[in-house]
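Below: one structure, written as structure tokens.
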Number of protein chains: 2
Amino acid sequence: METPKIKNTDNLPPFAAGARVRYNKNQKMTKQRTETKMELLANCLEKRGLKSTKQRHYIADTFFRSNTHISLEELHKKVKRKSPRAGYATVYRTMKLLTECGLAIERQFGDGQTRFENVPEDGHHDHLICLKCSEIVEFQNETIEQLQDKTATELGFNVVRHKLELYGYCKNCK
Amino acid sequence: METPKIKNTDNLPPFAAGARVRYNKNQKMTKQRTETKMELLANCLEKRGLKSTKQRHYIADTFFRSNTHISLEELHKKVKRKSPRAGYATVYRTMKLLTECGLAIERQFGDGQTRFENVPEDGHHDHLICLKCSEIVEFQNETIEQLQDKTATELGFNVVRHKLELYGYCKNCK
DNA sequence: TTGCTAAATGATATCGACTTTCAATTTCAT
DNA sequence: ATGAAATTGAAAGTCGATATCATTTAGCAA
């Protein structure tokens, strides 16, 4: 084997997962609730004429409670702990649905697996990723956002969304 | 089929490929040469005790001349025009080599295909991607970079590299 | 509650983009 | 030129994502 393949959390690349810590512009920690999201999901299902099932409910709840950038495989594993017959395909379809409803964000950190992130209730954030210990810190910086808009405008663009990832070493690893 | 799969340039997602235009901070266009890179490659091969082959030479040259964010499939197609027996695996291995040598950058724009970008000779740049016509504009903004470093430092990080992508609509599509 | 019908589920098959394997070929130091 | 070592191309293998399909379920109507 030339290059080992990454398959699970035990052998993650240095930038894919890790505990989540959030900071706003002033470095205050923030928290997320999970109740409201289940309500949003219920609304979204109703709006589309979709059915409310045990599986969807449990998968969504498990995802909303997850604090990492979770992959389908990891989520499936968690879901099966309480619901052993739950299929991978259902987890896949539910996460696709959550993404369409705006309740999850798909991310690619370059390890070949799509990872899902909870939508923050306090707005957009970007990522700082430690290349050694895998810590992922989320941050917000309004000034950077404004500069991005300004730059884009100068080039004739209207920016709809963006992605900013900073890779480096955290204070414990530098 | 539930979701059509993207396979080639004719059916790209609105953000994957497109002609490349580069702007520096003052919106002046810049150009790239290709000679120096072949020399760098030769050095890199020698340093590693690797052999200089027709295939590597031709694949690298084709890539260096490509002006888009090219996928392996697209590059293989181009290479086969002049070298019909060239295999996909060789293109794959050569691009892996170029990436390791720092002469190519792997990128994921979310369409499931890895795309390769030429290393700019005038430093790091970021991307503006039109969601409608697929135009990809590259830009540089030193102020944003400085702010990123500042933010990271405040959170105890040393930034090694970063990725900034702005998705929106260009002046022709807004 | 019961029956019905469309939607959802889960097991499995398929797809597609890599990635590896291996026998044949080529490079290059001697 | 020669032989060891690297490279190549074809084909097979891998793995995550996605589709298929028979069975099960949700939710409305009687």
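In this text the structure is predicted, and so the values were computed from the model without any measurement.
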Closest to the A:T114 side chain, choosing from D:dT8, C:dT19, D:dA17: D:dA17
field: Length of the line joining B:K96:NZ and C:dA17:P, which is rounded to integer Å
entry: 18 Å
- request: Round to the nearest Å and state the distance from B:L45 atom CG to D:dA5 atom C1'.
  value: 15 Å
- prompt: Quick one: does B:R93 reach the base of C:dT21 with a side-chain donor-acceptor pair under 3.5 Å?
  reply: yes
query: What integer distance in Å separates A:Y58:OH from D:dT25:P?
result: 19 Å
- prompt: Which residue, B:V91 or B:G49, contacts DNA chain D at a nucleotide closer to its 5' end, judged by nearest heavy atom?
  reply: B:G49
- prompt: Does OP1 or OP2 of D:dT18 have a side-chain N or O of A:Y92 closer than 4.0 Å?
  reply: yes
message: Please report the end-to-end axis angle for the helix from C:dT1-D:dA30 to C:dT30-D:dA1, five pairs per end, rounded to 10 degrees.
response: 30°
- prompt: Atom NE2 of B:H57 and atom C1' of D:dT8: how far apart are they, to the nearest Å?
  reply: 17 Å
statement: In short, salt bridge (Lys or Arg N to Asp or Glu O under 4.0 Å) pairs touching residues 50-60 of chain B with sequence neighbours left out are none
- prompt: Between A:M95 (CE) and C:dT9 (P), how many Å, whole number?
  reply: 14 Å
message: Given A:I59, which partner from the list A:L75, A:L98, A:L97 fulfils the side-chain contact (heavy atoms from CB on, under 4.5 Å) test?
response: A:L75
task: Please check if the side chain of B:K37 supplies one atom and the backbone of B:V119 the other of a donor-acceptor pair under 3.5 Å.
output: yes
query: Separation of B:E74 atom CD from C:dG16 atom C1', in whole Å?
result: 15 Å
Expected rows: protein N/O vs nucleotides 27-30 of chain C N/O, under 3.5 Å:
from   : atom 1 : to    : atom 2 : distance (Å)
C:dT27 : OP1    : B:K54 : NZ     : 3.2
C:dT27 : O2     : B:K51 : NZ     : 2.7
C:dC28 : OP1    : B:S52 : N      : 3.0

- request: Please check the phosphate of D:dT7 (OP1 and OP2 only) for any side-chain N or O of B:R56 closer than 4.0 Å.
  value: yes
query: What is the distance, rounded to the nearest whole Å, between atom CD1 of A:I70 and atom P of D:dG16?
result: 15 Å
- request: Check for a donor-acceptor pair, side chain of B:N118 on one end and backbone N or O of B:S66 on the other, with a separation under 3.5 Å.
  value: yes
statement: Across all chains, not counting sequence neighbours, the side chain to side chain contact (heavy atoms under 4.5 Å, CB included) partners of B:H127 are B:H69, B:R107, B:E117, B:H125, B:I129, B:I136, B:E138, B:E165
query: Between A:Q146 and A:K150, is any pair of side-chain heavy atoms under 4.5 Å apart?
result: no
- request: Rounded off to whole Å, could you give me the CD-to-P distance for the B:E73 and C:dA17 pair?
  value: 6 Å
- prompt: Is B:Y88 near enough to D:dA10 that one of its side-chain N or O atoms lies under 4.0 angstrom from OP1 or OP2?
  reply: no
statement: The complete set of disulfide bond (SG atoms under 2.5 Å apart) pairs with one or both residues in residues 61-94 of chain B, sequence neighbours excluded, reads none
- prompt: Can you name the side chain to side chain contact (heavy atoms under 4.5 Å, CB included) partners of B:A86, sequence neighbours left out?
  reply: B:V79, B:S83
- prompt: Can you check whether A:E106 reaches A:F116 side chain to side chain, under 4.5 Å on heavy atoms?
  reply: yes
